[in-house]
Every structure is written in structure tokens, then in C-alpha cells.
2 protein chains.
Amino acid sequence: MDTEKVLDIAMTAYWQTDPADVSVNAITQMAGISKPSLYRAFGSEDGLSRAVLDRYAEQVLSEMFLILHGGKGLRRTLDALIDFASGDPRMETGCLFYKMRAGKHRLGPDTLARVEEIDAAAQAAYVAFLQAARNAGEWPDGLSVEAGAKYLGEQIALAITQRASGEDPARIREMLTLALSVFTRP
Amino acid sequence: MDTEKVLDIAMTAYWQTDPADVSVNAITQMAGISKPSLYRAFGSEDGLSRAVLDRYAEQVLSEMFLILHGGKGLRRTLDALIDFASGDPRMETGCLFYKMRAGKHRLGPDTLARVEEIDAAAQAAYVAFLQAARNAGEWPDGLSVEAGAKYLGEQIALAITQRASGEDPARIREMLTLALSVFTRP
DNA sequence: GGCTTAAAGTACCAAATGGTAACAAAATGA
DNA sequence: TCATTTTGTTACCATTTGGTACTTTAAGCC
């Protein structure tokens, strides 16, 4: 039994629809393995989804952190974020992390803990990014860095979630650009 | 068997958590009725949730349409929307309609149709509101009315959804105000 | 070969899901 | 008063859920 392969299949399935709509039975079937094999490898459904989330974080989410830590300045970083959220083909069916976060109460304890950990890390990354922009004088006062970070994070989550529901990418880009224009107002 | 009472109980249950997390069994239990009684009254789970949504629309959603059709001008209407989304105690656990819309694929055909109907009506109301504002010269060009309407609707949905996840109302108000400030920019 | 040990698979479990057939109780009509 | 229709309940159905005890297969190793 190839653990990596199973994780990939599970990740794709969770990602394409929603973790809550993919049963353990379905995954074993798609992976062509027996249920006890899967339980021996991951312990429980919670263990599996947690492992999937770990994989997703290092394979996909890392890219978002890279953009934030790129040190490219306010405008160019925001543009990169807009490109990623509204244009990247990998986000065509939404973001697995945001799907999990939206269905928090349906997750097992381990996966939930990981979701909150990632959420906190993302918030911290947004804060660091905006703080740097403020220090560089690129971003006007009047809004706390924390509030701005939360706002930025939620707008990106909204944009990606809309992609999952089949909204026109051009429209999503337009709306996200509008939402983030508050950071670059004259 | 009091149909209205059952609808109220179901509405509250669906609303407080999520339609997908409340089973027919749970509702019959809460309402103190037997399952066949419920099925005779509503036909199916889909019939029940559709009836609940109807009730919710006329009891709760109507208020949002009232605000939009109030004809109070851009600024005051936006303020009323912000108050409603981030302050109204009834939205403390989120909006049943948005919860259903977020979990579209889990709904039965009748309920789904009703959700899309309401969604279209809301979009039309936002369009009419913004068109009136533009005609009155209260809102600058540069963004199509349709795009603005979608943006406005999604921002309000986002704010109310955040309330369901326990976010601080003051913070939500701050973010929503920021998001909607694009409509009243000098 | 023969023996041991780890991996995999078969076949099950109890609980919960949406939904219904069959039957008893009560209201309604003539 | 008697027959009929409505209302409600009990007890079930098949299917799916997450999870596991038990048996079979395969790989090492001497």
C-alpha cells in the first residue's frame, strides 16, 4: 500500500468536492485498498484528513506564504495575491483549507487543531506583510494592522471560495481588486 | 400536529447550526411528533427544508429587501445594511439562507430551486438599488452596476457568515464598513 | 524446504440516515 | 348510528456511516 498515493487520492477527492462529502469508504474504493489498510496507516478518519491537510499545506498553501514573504512591496504583492486567488488554475475548485475551515464543526479534533494552527500562521503572515508596508510608508494610517490583515485574509478566502462555486474568474478578479483597492487609495 | 410550530422548530434548528447537520429524526424528536406525521405534511426532507426556507424568507429576509427598497439614498442605505449585517441580534448565528447557499450541493431539488430564486431576487434588488444611486449621481462610474451589486451582496454575506463563526461584531462592522467604503469614495 | 512475522483482505459490527407499510384512534360525514 | 376519511404511532425497511475482530496471504530468514 502506497501511503503517498493514497494521500494524493484523498486530497484530490476532498479538494474537488468537500471533505464532508467524501467518506472513508469512498476513499478506500478510489485508492483500491481495503479499509483496515487505511486505518492501519492513519488510525482514524481524523488522522487521514489531518495527514491530507499537512500535505496540502506544504504542497499548495506554501505558495501563498511565499508570496506574502516575498518582500516585493505593497502593490506588487497585492497583485500577486489577486493573481493567485482569481487566476491560478489550482484554485479552480476552491481551496481545501478554506473548505475545511468553513466546515470546522465537522472535523475531528486533530484536523481542527491543524486548521486553527494554519489559520493563525496565515493571520501572522498577513500582519507581518502589512506591518512592513506600513513601516515603508506605503500604507496610510486609520486602520489597525490586525484589522487590515483579517480583512485581507477574508477577501482572499472569499474570492477563492467563489471560484469553487463556478463564478466567472474575471468577475472575481474585478471584485477582489475592488476590495483590495482600499489598501492603495491615494 | 401544528404545522407552523414544526416549521418554527425546524427553522430554528437549521438556522442555529446548519441544515446539513440536522436530521429529519432530530426534528421529529424536537417537535415531539412521529416521522410519518412529518412526511405526510411535507412529503420529504426536501419539502420540509423548502417550506422552512419559504418561512425564513418572509419572516427574516424580507427585512433586507425592505432596507434595499427603502429609497433612502446611497449612504444611509449602506449604513442600514451594515447595521443589519453586523449588528442585528437575529444574525448572531448567521443567516439560514446563506448557510443553505453555501451548502447548495447538499440540498434537494425544490429547496435548491428556491435558493437560486431568492439569490436572483436579491441580486436584482441590489442592482435596482445601485442603479438608483447612480442615476442620482451618488455613485461614481468605473464599475458596472452588476459587478457592484454582486460585490455588495457578497460582502454582506461574508459579514453575516463571520458572525456565525463567532467573530467580534465590532471587528466585522469595521471590515464591512471598509469593504463598502469603495461606494462612497470622494 | 519450513518456520516466523508482518501485511493485506474478508466479513462483520452498531449506529444513524431518509423513507414507508401497516395498524389503531379519532374526528367527520350521512 | 354506522361508515368513512383523516391523524397519529409502532415498527420496520435498505443503505451508508465510521470502525474492527479474524483470517488469509506474502515476505524474510535460517
Side-chain angles (χ1 to χ4, degrees), chain A residues 1-54 96 99-100 103-115, chain B residues 1-54 96 99-100 103-115:
Chain A
M1 193 200 102
D2 187 350
T3 305
E4 306 271 302
K5 189 186 124 198
V6 172
L7 276 178
D8 270 340
I9 289 173
M11 183 171 88
T12 304
Y14 283 155
W15 193 353
Q16 218 124 28
T17 67
D18 190 302
D21 297 320
V22 181
S23 68
V24 180
N25 292 310
I27 290 172
T28 58
Q29 204 167 326
M30 288 183 284
I33 59 169
S34 73
K35 218 191 305 191
S37 298
L38 191 146
Y39 275 89
R40 238 170 267 128
F42 302 105
S44 65
E45 184 174 36
D46 190 19
L48 171 64
S49 61
R50 196 220 137 100
V52 167
L53 177 54
D54 280 344
L96 177 55
K99 287 183 178 184
M100 284 184 168
K104 261 188 182 184
H105 56 282
R106 282 185 269 254
L107 300 176
D110 285 11
T111 311
L112 175 59
R114 194 74 234 277
V115 163
Chain B
M1 194 198 102
D2 187 352
T3 305
E4 306 271 301
K5 190 186 123 198
V6 173
L7 276 178
D8 269 340
I9 288 174
M11 183 171 88
T12 304
Y14 283 156
W15 193 353
Q16 217 124 32
T17 66
D18 191 303
D21 296 322
V22 180
S23 70
V24 179
N25 293 310
I27 289 173
T28 59
Q29 203 168 325
M30 288 184 282
I33 60 169
S34 72
K35 220 193 300 192
S37 298
L38 190 145
Y39 273 89
R40 256 194 286 273
F42 302 104
S44 65
E45 184 175 37
D46 190 19
L48 170 64
S49 61
R50 196 220 136 99
V52 166
L53 178 54
D54 280 343
L96 176 55
K99 286 183 179 184
M100 283 184 169
K104 263 187 179 183
H105 57 281
R106 281 184 270 253
L107 299 176
D110 286 11
T111 311
L112 175 60
R114 193 76 234 277
V115 162

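Below, chain A is the first sequence line, B the second, and so on; all start at residue 1.
- For the pair B:Tyr14 and B:Ile27, the minimum side-chain heavy-atom distance is below 4.5 Å.
- Summarising the geometry, the separation between NZ on B:Lys5 and P on D:dG8 is reported as 11 Å, rounded to the nearest angstrom.
- Between B:Ser44 and C:dG18, a side-chain N or O to OP1/OP2 separation shorter than 4.0 Å is absent.
- The base of C:dG9 lies outside donor-acceptor range of the side chain of A:Lys35, with no N or O pair under 3.5 Å.
- Taking the nucleotide of DNA chain D with the nearest heavy atom to each of B:Ile33 and A:Asp46, the more 5' of the two is matched to B:Ile33.
- Distance from the side chain of A:Ser34 is smallest to C:dT10 among D:dG18, C:dT10, C:dT17.
- The side chain of A:Asn25 approaches D:dT17 more closely than any other nucleotide in the set C:dT20, D:dG19, D:dT17.
- In this model, a side-chain donor or acceptor of A:Arg40 finds a partner on the base of C:dA8 within 3.5 Å.
- In this structure, A:Ser23 reaches the sugar-phosphate backbone alone: every heavy-atom distance under 4.0 Å involves primed, P, OP1 or OP2 atoms, never a base.
- Straight-line distance from the CG atom of A:Asp21 to the C1' atom of D:dT16: 14 Å, rounded to whole Å.
- Rounded to an integer number of Å, the gap from CD1 of B:Ile27 to C1' of C:dA16 is 15 Å.
- Spacing between atom CG of A:Asp110 and atom P of D:dG18 amounts to 17 Å, rounded to whole angstrom units.
- Nearer to the 5' terminus of DNA chain D, by closest-nucleotide assignment, is the contact made by B:Gly32 (compared with the other of A:Val22 and B:Gly32).
- Nucleotide C:dT10 holds its P atom 17 Å from the OH atom of A:Tyr39, rounded to whole Å.
- Remark: P of C:dT17 and CG of B:Leu48 are 14 Å apart, rounded to the nearest angstrom.
- Counting heavy atoms from C-beta on, the side chains of B:Pro19 and B:Arg106 never come closer than 4.5 Å.
- Nearest to the side-chain atoms of B:Glu45 among the listed nucleotides C:dG18, C:dA22, C:dG9 stands C:dG18.
- With contacts defined as side-chain heavy-atom distances shorter than 4.5 Å, the pair A:Thr12/A:Met30 does not qualify.
- Between A:Arg106 atom CZ and C:dT17 atom P there is a gap of 14 Å when expressed in whole angstrom units.
- Comment: A:Asp110 does not engage A:Arg114 in a salt bridge, judged by the lack of any side-chain N to carboxylate O separation of less than 4.0 angstrom.
- Here the side chain of A:Pro36 is nearest to one of D:dT20, C:dA8, C:dG18, namely D:dT20.
- Protein atom CZ of B:Phe42 is 16 Å distant from nucleotide atom C1' of C:dG18, rounded to whole Å.
- You'll find the side chain of B:Leu7 reaches within 4.5 Å of the side chain of B:Leu48, heavy atoms only.
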